[in-house]
A.B. asks: 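I have a structure here, written as structure tokens, and I will follow up with some questions on it.
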Amino acid sequence: MSDPPIIEVKDLKKVYRVGLVDVHALRGVNLKVARGEFLSVVGPSGSGKSTLFHIIGGLTPPSSGWVRVGDRDVSKMTDGERTNLRKTTVSFVFQKFNLLPNLTAGDNIAIARHIAGKESGRLDGFDQVLDVLGIKQRLGHKPSALSGGEQQRVAIARAIVNHPAILLADEPTGNLDTENSAQVLKVLRDVNERLGQTVLMITHNPEAAAYGHRTVHMRDGRIVE
Amino acid sequence: MINKLVLENLRHRPVRAFLSILLIAVPVTLMLTLVGLSKGTLEDTARRAKGVGADIIVRPRGSSLIGLSSAPIPQGIVDMIAKEPHVTLATGTMTHPLGGLSSVAGVDLEKFNQMSGGFKYIQGGKFENPNDIIVDEYFARQNKVGVGGKLTVLNLDWRVCGVVEPGKLGRVFLPLAVLQDKTGNTGKLSQIYVKVDSPESIPKVIDALKAKLVDYPIYSMEELTSLISVSSVPLLEGFINVVVGVSIVISFSVVCLSMYMTVLQRTREIGILKSLGASRFYILDIILREAAIFGITGTVIGIGFSFATRLVIQRMVPGSLTQSIVPGWWPIAGMIALSASLLGAMYPGLRAALQDPIEALAYE
């Protein structure tokens, strides 16, 4: 008997109110993601990819439908429970890196540990991860002193430092050149393979999408293939 | 880690942090300076009253404890008091306001010296000529005069004949008869100082004087100096409360505005922290710690500034104002500044804590 999916989405809908207009960002999404899977999500702008990630990651509740992450129903979670989900189970990597500009790279990673209520000391084996990411010598620098590729690798380190079950990467290579993009994608695949973390990645780039085990396409708030 | 983040945030915007702290330090300085001035001036008044060397003081009918009175006491009463049993010396003085907090005292120098142990002259000596005036060291410094210098008092020119150590009755002295004459109070006094043969005699003499001088406030000097306090000066306590209130409003407003700007500037960072799983309390904690740093640092700088204001007052107007340093008020001022800062940060802090993470992350 196969393991139950780590993420299961059923008839997920999300309507935003923008001024007086209702925007239907998701119009009934159904999706299953297996534990340890690297899933690429592609689709044009406005197709609802980011909204889907935000709901799975507990940044916003759905308007209707059902989302299960692990054994928990995200759609029924309170704000505090969704905060706890982000702290323990799901983490994000963003296109714009989103590092705290006043902290060093090392402190950007450490604050994720602090928020999770864990010791600020280095994790066992995390040195190796930093080696793989190629940022070990750059931890004392602030984001403004790092290249885009380095910043994104710090963001990945921050995202995996607490060993979340799921990593949601929203166009992680969108602001990077080809070389840095390739490095980041390799790192994501490494994270998926070595640490067994489930990775969902939004991308516009078919080459990037090819790093995943599977690709789903979104259009107009629905998964189309 | 939160402290590190807060300190790094402050370091990142040093001008905003500096101005916020400065604007909290100013009302703290205001509070401490006003309280220090009140206490210092009253302590100086008590010190100078004690410096007269008397055991008992007789004040005019209907006068307040330390207010300046005119000269309504008939001079003949001095002789009557001097004849009382146990009284070894009685001398009357007259006090005439010079504007502001300054006054000139008319003294019978011989009797005043007997009672007080005598002026200690830093320069010059006693009255020699009808237009001679004696001033204390602080008044001389404030008015930049020395022995032989000219001084205009009561719209008349006087020659400074002596500069004395401060601490006895007043800061400017004229012969009693001269002051009475120049102010149209011949034969009148503002108060009478009485010395008795032993401390045990003080209550007896007071009782005897009260029986004869009905309605005259008569105090032992011990009692008088113990009664000289902020609450004995009409409206002073209320004025201090007003300044404290203004300080609270200023500190609250400064921190509220500053933290509101901070929350706006750091919207995206708040979104990042929320995406990492930071709770509402975690975000609020960051904002409140920053406000607490403003309040505490502002208090420390305000305390430092109060030493500076004392120095300025000592240099500029030593003859008019005396400011004490009142450490007992440091924690009070600190609590006021800290409470106002935390209250001021509460609204922006809650606003940050309740921010939608997606909107915050999209903020440019």
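All values reported here derive from a predicted model rather than from experimental measurement.
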A.B. asks: Give me the one residue out of A:Lys87, A:Arg158, A:His114 that meets side-chain contact (heavy atoms from CB on, under 4.5 Å) with B:Leu276.
C.D. replies: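 By the side-chain contact (heavy atoms from CB on, under 4.5 Å) criterion, B:Leu276 pairs with just one of A:Lys87, A:Arg158, A:His114: A:Arg158.
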A.B. asks: Measuring from B:Glu269:CD to A:Leu100:CG, what's the distance to the nearest 0.5 Å?
C.D. replies: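 The distance works out to 6.0 Å.
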A.B. asks: Considering all heavy atoms of both residues, which atom of A:Arg86 and which atom of B:Gly277 are nearest to each other, and what is their separation?
C.D. replies: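 Taking A:Arg86 first and B:Gly277 second, the nearest heavy atoms are CB-CA, 3.9 Å.
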A.B. asks: Is it true that, when you exclude B:Phe18 itself, more than 12 heavy atoms of the residues, nucleotides or ligands shown sit nearer than 6.0 Å to its CZ?
C.D. replies: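 12 or below, so no.
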A.B. asks: Check whether more than 12 heavy atoms from other residues, nucleotides or ligands sit under 6.0 Å from atom CZ of A:Arg35, and answer yes or no.
C.D. replies: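 12 or below, so no.
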A.B. asks: Can you tell me which of B:Leu5, B:Ile2, B:Ile272 forms the most heavy-atom pairs within a distance under 4.5 Å of chain A?
C.D. replies: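 Counting heavy-atom pairs under 4.5 Å, the top option is B:Ile272.
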A.B. asks: Any side-chain heavy atom of A:Asn102 sitting closer than 4.5 Å to one from B:Arg11?
C.D. replies: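 In short, these two side chains do not touch, never coming nearer than 4.5 Å.
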A.B. asks: Can you tell me how far the CG atom of A:Leu103 sits from the CG atom of B:Asn9, to the nearest 0.5 Å?
C.D. replies: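 Atom-to-atom, A:Leu103:CG and B:Asn9:CG are 7.0 Å apart.
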A.B. asks: What part of A:Leu85 is in contact with chain B, defined as an atom under 4.5 angstrom from a non-hydrogen atom: side chain, backbone, both or neither?
C.D. replies: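 A:Leu85 has no heavy atom closer than 4.5 Å to chain B.
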A.B. asks: Minimum heavy-atom separation for B:Ser275 and A:Phe92, please, with both atom names.
C.D. replies: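 Heavy-atom minimum between the residues: O-CD1, 3.9 Å.
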A.B. asks: Please report the C-alpha distance between B:Arg280 and A:Asp79 in whole Å, then the side-chain angles of each, then the deciding distance to 0.1 Å, and finally whether the side-chain contact (heavy atoms from CB on, under 4.5 Å) criterion is met.
C.D. replies: CA-CA 10 Å; B:Arg280 289 173 179 175; A:Asp79 184 73; 3.3 Å; yes
A.B. asks: Is the NZ atom of B:Lys4 crowded by more than 12 outside heavy atoms at less than 6.0 Å?
C.D. replies: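 Not buried by this count: 12 neighbours or fewer within 6.0 Å.
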A.B. asks: Where along residues 41-77 of chain A does a heavy atom come under 4.5 Å of chain B, listed by residue number?
C.D. replies: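 So far as heavy atoms go, A:His54, A:Leu59, A:Thr60 are the residues that approach chain B to under 4.5 Å.
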A.B. asks: To the nearest 0.5 Å, what is the distance between CD on B:Glu8 and NZ on A:Lys142?
C.D. replies: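 If I round to the nearest 0.5 Å, the distance is 4.0 Å.
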A.B. asks: Distance from A:Thr83 atom OG1 to B:Phe281 atom CZ, nearest 0.5 Å?
C.D. replies: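 Taking OG1 in A:Thr83 and CZ in B:Phe281, the distance rounds to 14.0 Å.
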